[in-house]
Amino acid sequence: MKKIYFVRHGESEGNVASVIQSEAVPLTINGKQQAEYIASRFVTLPVEVIISSTMLRAQETANIISAKINTEVVPSELLVERRHPSLQVGKQKIDPLVVDSEKLIFENFGQENYKFSDEENFADLKDRASKVLDFLAQRPEKDILVVSHGFIMRIILAFVVIGRDLSAEQCKQFISAFHMENTGVTIFDYDKTKANPWRVWVWNDHAHLEELK
């Protein structure tokens with residue numbers, strides 16, 4: 001039996017500015033405080049390794065937690081956020097170019113070969129979610145902390161719940177219905193002896209953030 005703790009990165013400068021973020025966007029001061037606070041929750045848990053997205057905001061979050069619980073950070077590109085079209089990066093989410101391109105992307109989300117530009121489409125994201133779960137299942141550790149991002153986490157959740165038959169329409173429902181706060185905690189477990197080995201125990205636990213207000 002494995003237990004996987006997923007943590008969304010702390011508040012980033014891009015979150016505050018409401019822009020499509022590049023890989024190099026750092027945490028805000030508040031985001032660093034959030035990471036410090038969530039780290040304290042893991043002090044008494046038997047986390048054996050921290051696996052983090054290679055994006056700066058996730059790495060900073062993981063490193064803050066690592067310093068608190070004295071656990072190694074292993075970077076993985078499998079855990080990066082959804083890849084947006086390059087022409088969106090750095091633009092505000094309300095920019096007409098972003099709004100119009102996102103509309104086209106999600107109208108065509110179920111079209112297997114559709115791409116607006118150089119973004120990840122549904123097939124890419126579903127494949128990556130599968131690879132993330134396979135990667136975690138094959139790790140030797142039993143208690144793993146993962147630092148990742150909100151959108152890709154919803155894809156992973158959809159894959160855990162529906163499985164390999166996940167459709168684009170089902171995935172869109174998960175994207176719409178499930179959200180994650182910065183440093184929200186999600187817990188899955190994995191039992192290879194079960195017909196359906198993955199289970200969701202907790203989604204987006206962010207009660208700790210109330211104590212920071």
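When reading the values below, keep in mind they use all heavy atoms of this one structure, side chains included, and skip hydrogens, waters and symmetry mates.
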Taking NZ, NE, NH1 and NH2 as the nitrogens, is one of them in [X] or [Y] under 4.0 Å from a carboxylate oxygen of the other?
| X | Y | answer |
| --- | --- | --- |
| Asp205 | Arg41 | yes |
| Arg82 | Glu102 | yes |
| Lys3 | Asp143 | no |

Side chains of [X] and [Y]: does their closest heavy-atom pair fall under 4.5 Å?
| X | Y | value |
| --- | --- | --- |
| Phe116 | Leu87 | yes |
| Asp189 | Ile4 | no |
| Leu27 | Ile64 | yes |
| Lys192 | Tyr190 | yes |

For the student: nearest non-hydrogen atoms of [X] and [Y], plus distance:
| X | Y | answer |
| --- | --- | --- |
| Ala62 | Val73 | O-CG2, 3.8 Å |
| Gln59 | Pro75 | NE2-CB, 3.8 Å |
| Asp165 | Lys126 | C-NZ, 4.1 Å |

Is a donor on one side and an acceptor on the other found under 3.5 Å between the side chain of [X] and the backbone of [Y]?
| X | Y | value |
| --- | --- | --- |
| Ser53 | Met55 | yes |
| Arg128 | Val80 | yes |
| Arg8 | Met180 | yes |
| Glu60 | Arg57 | no |
| Ser40 | Tyr37 | yes |
| Asp191 | Trp198 | no |
| Thr61 | Gly10 | yes |
| Glu48 | Lys142 | yes |
| Gln170 | Ala168 | no |

Are more than 12 heavy atoms from other residues, nucleotides or ligands located less than 6.0 Å from atom [atom1] of [X]?
| X | atom1 | result |
| --- | --- | --- |
| Lys91 | NZ | yes |
| Lys115 | NZ | yes |
| Glu77 | CD | no |
| Asp134 | CG | yes |
| Lys2 | NZ | yes |
| Asp118 | CG | yes |

Would you tell me whether Ser12 and Gln21 have side-chain atoms, one donor and one acceptor, within less than 3.5 Å of each other?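 Ser12 vs Gln21: donor-acceptor pair found between side chains.
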
Pairing donors with acceptors under 3.5 angstrom, does anything connect the side chains of Ser130 and Asp127? no

For the rings on Phe178 and Trp203, is their centre-to-centre separation under 6.0 Å? yes

Picking from His206, His9, Glu11, Glu181, what satisfies side-chain contact (heavy atoms from CB on, under 4.5 Å) with Gln34?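 The single option meeting the side-chain contact (heavy atoms from CB on, under 4.5 Å) with Gln34 is Glu11.
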
Mind checking salt bridge (charged side-chain N to carboxylate O under 4.0 Å, His left out) for Asp100 and listing every partner two or more places apart, or none if nothing turns up?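 Salt bridge (charged side-chain N to carboxylate O under 4.0 Å, His left out) check on Asp100 returns nothing, list empty.
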
Same apolar cluster (I L V M F W Y, side chains within < 4.5 Å links), Ile155/Leu157: yes

Applying side chain to side chain donor-acceptor pair (under 3.5 Å) to Gln88 and Ser101, what does each step give before you reach the verdict? CA-CA 8 Å; Gln88 290 185 354; Ser101 56; 2.7 Å; yes

